[in-house]
Amino acid sequence: MIKITLPDGSIREVEKGTTSQQVALSISEGLARNVLAAKVNGEVWDSNRAIETDAKLQLLTWNDDEGKSTFWHSSAHLMAEALESLYPGVKFWVGPPLENGFYYDVDLEENTLTPADFEKIETKMLELARQNNAYVRKPISKSDAIKYFKDKNDFYKLDLLERLDDGNITLYTQGEFTDLCRGPHIQATGVIKAAKILNIAGAYWKGDIKNKMLTRIYGITFPKDKELKEYLVALEEAKKRDHRKLGKELELFTFSEKVGMGLPLWLPKGTMLRERLERFMRDAQAKAGYLPVITPHIALKELYICSGHYEKYGADAFQPINTPTEGEQFFLKPMNCPHHCEIYKSSPRSYKDLPIRYAEFGTVYRYEQHGELHGLTRVRGFTQDDAHLFCRPDQVKEEFCKVIDLVLHVFNALDFKDYTAQISLRDPENKAKYIGSDENWALAEQAIIESAKEKGLKTVVELGEAAFYGPKLDFMVKDAIGRKWQLGTIQVDYNLPERFELEYTGSDNQKHRPVMIHRAPFGSLERFVAVLIEHCAGSFPLWLTPEQYAILPISEKFNDYAKKVMDELNSLGLRGSIDDRNEKIGKKIRDNEMNKIPFMLVVGEKEAAENKVAVRERGKGDIGALGIAEFAKKVEEVIQNDFKQKELN
RNA sequence: GCCGAAGUAGCUCAGCUGGUAGAGCUCCUGAUUUGUAAUCAGGCGGUCGGGGGUUCGAGUCCCUUCUUCGGCUCCA
């Protein structure tokens with residue numbers, strides 16, 4: 001007999017060799033039906049795998065992330081089976097589960113696949129699922145495995161096998177399909193009741209641009225048809241929040257082929273929104289002791305040779321601008337830091353001057369690959385809310401922590417709760433990609449890790465994500481359809497001060513090297529606005545929104561009164577407009593609601609007589625009549641209250 | 001840059017197997033003077049992304065190029 005400890009702490013004595021499935025059955029039939037996999041001593045197993053020793057057991061169902069993953073991983077195998085049956089001879093690379101669904105990378109050989117074929121694959125998958133074939137796990141020796149895949153002429157699986165240790169290799173078979181796989185899997189295909197192929201895309205084999213491009217097929221499956229339908233509806237809803245769609249509808253920004261791809265044009269409403277964000281940041285920075293600077297958009301090549309940017313990106317940047325007679329070469333600035341270094345150098349510095357914090361909304365230009373451009377989140381010209389802090393080594397941690405506070409202040413004010421703080425370090429395998437000594441990198445990394453810890457941030461570490469001159473603390477958020485973007489970033493840099501030979505005189509009257517902190521809480525205004533649009537689905541908070549109110553006269557007779565109301569509100573510091581179109585009130589309400597105007601002020605005979613406005617709140621409807629000053633006060637209160645609540649959180 | 005898909009009026013989209021472009025909204029004009037999510041009528045508006053080809057004839061077929069979309073690679 002062995003002892004099985006369940007998550008609630010209860011212990012069950014069962015025969016040696018009992019499966020998790022059997023344990024589930026002993027608890028309840030319903031549970032047994034819903035078990036997809038099991039966590040045995042912290043490792044996810046097939047639920048029909050025999051447990052031979054005392055173990056901690058957690059049964060995994062659709063409600064557990066790991067249960068879902070197992071379900072989707074098995075679904076990837078099912079899709080592969082369908083593909084193999086429909087397109088004999090296709091070769092498979094890897095097919096992992098994702099946060100939502102799964103994909104399989106396949107080499108289609110001579111076959112082609114278009115979205116028109118999706119339904120065929122889905123139908124086949126469900127047909128195979130209905131056969132309720134078991135996923136059969138089979139440990140196999142490395143030599144047998146090699147023989148098996150050699151016979152199958154499966155180059156990709158042989159490549160995978162090369163890196164696996166003998167004794168640790170398993171095959172899984174369901175129906176006609178056998179795959180090299182460590183598992184785990186669900187018991188049988190029958191629980192997969194709904195399947196959808198989502199899209200196809202190219203993906204380099206092993207992610208290397210030099211390799212063949214495989215076809216990556218994305219899909220998702222569910223144990224209930226209803227869940228698939230709900231998922232697809234949610235997907236549609238998410239698409240409605242897409243900043244590219246809302247940006248067009250709300251007239252925030254546009255692009256022009258004539259101007260050039262990846263170069264956003266900010267429309268008046270988008271500009272008003274952006275300017276409010278800038279103002280918010282300027283105020284916060286002024287309070288935190290930052291000093292404003294302004295630098296030009298181009299600089300001599302020599303500046304970037306000094307910083308190291310030229311060597312690193314020169315060939316992959318916009319090419320130089322040449323002067324007609326002197327033969328000078330200028331580059332569009334890809335970063336503000338070299339300029340700021342030169343400002344630091346413009347005067348001798350004392351240890352008493354530090355830290356010095358230079359802030360600039362600096363517009364930079366980077367050559368991004370054609371296929372990379374994406375709405376406002378990935379562009380070729382953008383403005384960073386950039387600042388560079390020059391400090392003494394003993395000030396680094398304090399300054400870094402203060403910057404974290406600033407970033408969190410911004411996120412808090414805008415209600416971003418779903419972010420991760422990512423510590424981006426060097427790729428230890430490829431140090432040649434970076435400049436600077438190991439010693440400096442160690443110092444910088446240590447400063448970041450300690451500061452993040454001191455601030456109690458929940459962090460993840462990513463190797464190979466550092467900037468070429470130093471490690472970063474990046475704040476990552478997700479967009480409407482789940483893609484991750486970097487917003488705020490803070491970087492500790494011991495290297496550029498060396499390259500620029502920055503100095504200050506210490507209390508010992510000796511020259512010392514300052515440490516630089518690069519930081520941008522928004523990251524880029526473009527990307528930040530994009531994520532903000534998606535975050536609030538275009539319904540911006542009252543303090544930011546380009547238009548806080550729209551006055552809707554019942555008929556043309558009340559346009560004059562509307563004008564009077566607007567003048568009064570504007571003089572009280574509000575912003576809005578009059579919808580004086582020759583339309584009925586219902587139409588005006590509908591249009592302004594769709595434009596996501598926070599307050600609609602209906603004015604007719606009654607309001608004009610009483611010097612009031614009938615207030616209608618976005619999403620809520622009529623909330624009654626208020627005096628004009630009274631309404632302004634209400635707006636002010638909402639804004640104040642918004643901020644107050646944020647401060648409390 | 002690579003793989004795949006798509007580009008028709010300002011916007012959203014229709015246009016069968018090639019026969020010479022259409023709707024709704026927007027905009028303009030007129031009527032209406034409106035009370036809480038679409039008033040009615042009329043009108044303007046497209047060299048069907050650009051270029052080339054096949055054909056008696058191309059939005060429709062082929063090639064090429066640009067842009068956009070989904071990924072991959074990249075991201076100071």
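In the text below, chain A, chain B and the rest are named by the order of the sequence lines, each starting its count at 1. Not measured: the values here are computed from a predicted model.
Taking 3.5 Å as the limit, the base of B/G71 and the side chain of A/Tyr204 contain no donor-acceptor pair of atoms between them. Taking only distance into account, the side chain of A/Arg378 meets the base of B/C74 through a donor-acceptor pair shorter than 3.5 Å.
At B/G70, one or more side-chain N or O atoms of A/Arg483 fall inside 4.0 Å of OP1 or OP2 (strictly under the cut-off). Contact annotation: A/Lys258 does not reach the phosphate of B/U67 (side-chain N/O to OP1 or OP2, under 4.0 Å). Between B/C69 and A/His374, no contact under 4.0 Å exists linking OP1 or OP2 to a side-chain N or O. For B/G4, neither phosphate oxygen OP1 nor OP2 lies less than 4.0 angstrom from any side-chain nitrogen or oxygen of A/Arg216. Between A/Arg244 and B/C69 there is a side-chain polar atom (N or O) within less than 4.0 angstrom of OP1 or OP2.
Nucleic acid contact for A/Tyr218: sugar-phosphate only, since backbone atoms but no base atoms lie under 4.0 Å from a heavy atom of the residue. Nucleic acid contact for A/Gly604: base, since at least one base atom lies under 4.0 Å from a heavy atom of the residue. Nucleic acid contact for A/Asn199: sugar-phosphate only, since backbone atoms but no base atoms lie under 4.0 Å from a heavy atom of the residue. Within 4.0 Å (heavy atoms only), A/Ala614 reaches at least one base atom of the nucleic acid.
Distance A/Lys210 NZ to B/C74 P: 10 Å, rounded to the nearest Å. Between A/Gln369 atom CD and B/C2 atom C1' there is a gap of 9 Å when expressed in whole angstrom units. Across the protein-nucleic acid pair, A/Met261 atom CE and B/C69 atom P stand 11 Å apart, rounded to whole Å. The interatomic distance linking A/Leu108 (CG) with B/G4 (P) rounds to 10 Å, in whole Å. Regarding A/Lys245, its NZ atom lies at a distance of 10 Å from the C1' atom of B/C11, rounded to whole Å. Between A/Phe255 atom CZ and B/U67 atom P there is a gap of 13 Å when expressed in whole angstrom units. Atom CD in A/Glu556 sits roughly 14 Å away from atom P in B/G35 (whole-Å rounding). For the pair A/Leu373 CG and B/U67 P, the interatomic distance rounds to 9 Å; values are reported in whole Å.
Below 30°, between 30° and 60°, or above 60°: for A/Tyr419 and A/Phe475 the angle between ring planes is between 30° and 60°, a tilted geometry. Under the 30°/60° scheme for interplanar angles, the aromatic rings of A/His297 and A/Tyr365 are found to be tilted.
Nucleotide B/C56 forms a pair with B/G19, judged by Watson-Crick or G-U wobble geometry with both contacts under 3.5 Å. Judged by Watson-Crick or G-U wobble contacts below 3.5 Å, the nucleotide B/A38 has no partner. When both distances must be under 3.5 Å, the Watson-Crick or G-U wobble mate of B/G4 is B/C69.
Residues A/Arg378 and A/Glu368 are paired through a salt bridge, judged by an N-O separation under 4.0 Å between the basic side chain and the carboxylate. Ion pairing between a basic and an acidic side chain is recognised when a charged N comes within 4.0 Å of a carboxylate O; A/Glu99 and A/Lys478 show such pairing.
Within the 6.0 Å centre-distance limit, the rings of A/Phe92 and A/Tyr104 are counted as a close aromatic pair. Checked against a 6.0 Å centroid threshold, the rings of A/Tyr494 and A/Trp441 do not count as neighbours.
Under a cut-off of 6.0 angstrom, the local environment of CD in A/Glu110 is sparse, with at most 12 non-hydrogen atoms contributed by other residues, nucleotides or ligands. Applying the 6.0 Å contact sphere to CD of A/Glu249 captures more than 12 heavy atoms from other residues, nucleotides or ligands.
Under the rule for a side-chain contact (heavy atoms from CB on, under 4.5 Å), the partners of A/Tyr367 that lie at least two apart in sequence or sit in another chain are A/Phe318, A/Arg380.
For the atom pair CZ (A/Arg519) and NE2 (A/His388), the distance works out to 9.0 Å, reported to the nearest 0.5 Å. Of the inter-residue distances, the one linking A/Ile217 atom CD1 with A/Met79 atom CE reads 5.0 Å to the nearest 0.5 angstrom.
Comparing A/Tyr313 and A/Ala201 against RNA chain B, the residue whose closest nucleotide sits nearer the 5' end is A/Ala201.
Residues from residues 517-525 of chain A with heavy atoms under 4.0 angstrom of RNA chain B: there are none.
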Where along nucleotides 37-51 of chain B does protein come under 4.0 Å, by heavy atom, of base (B) or sugar-phosphate alone (S), with - for untouched nucleotides?
-> BBB------------
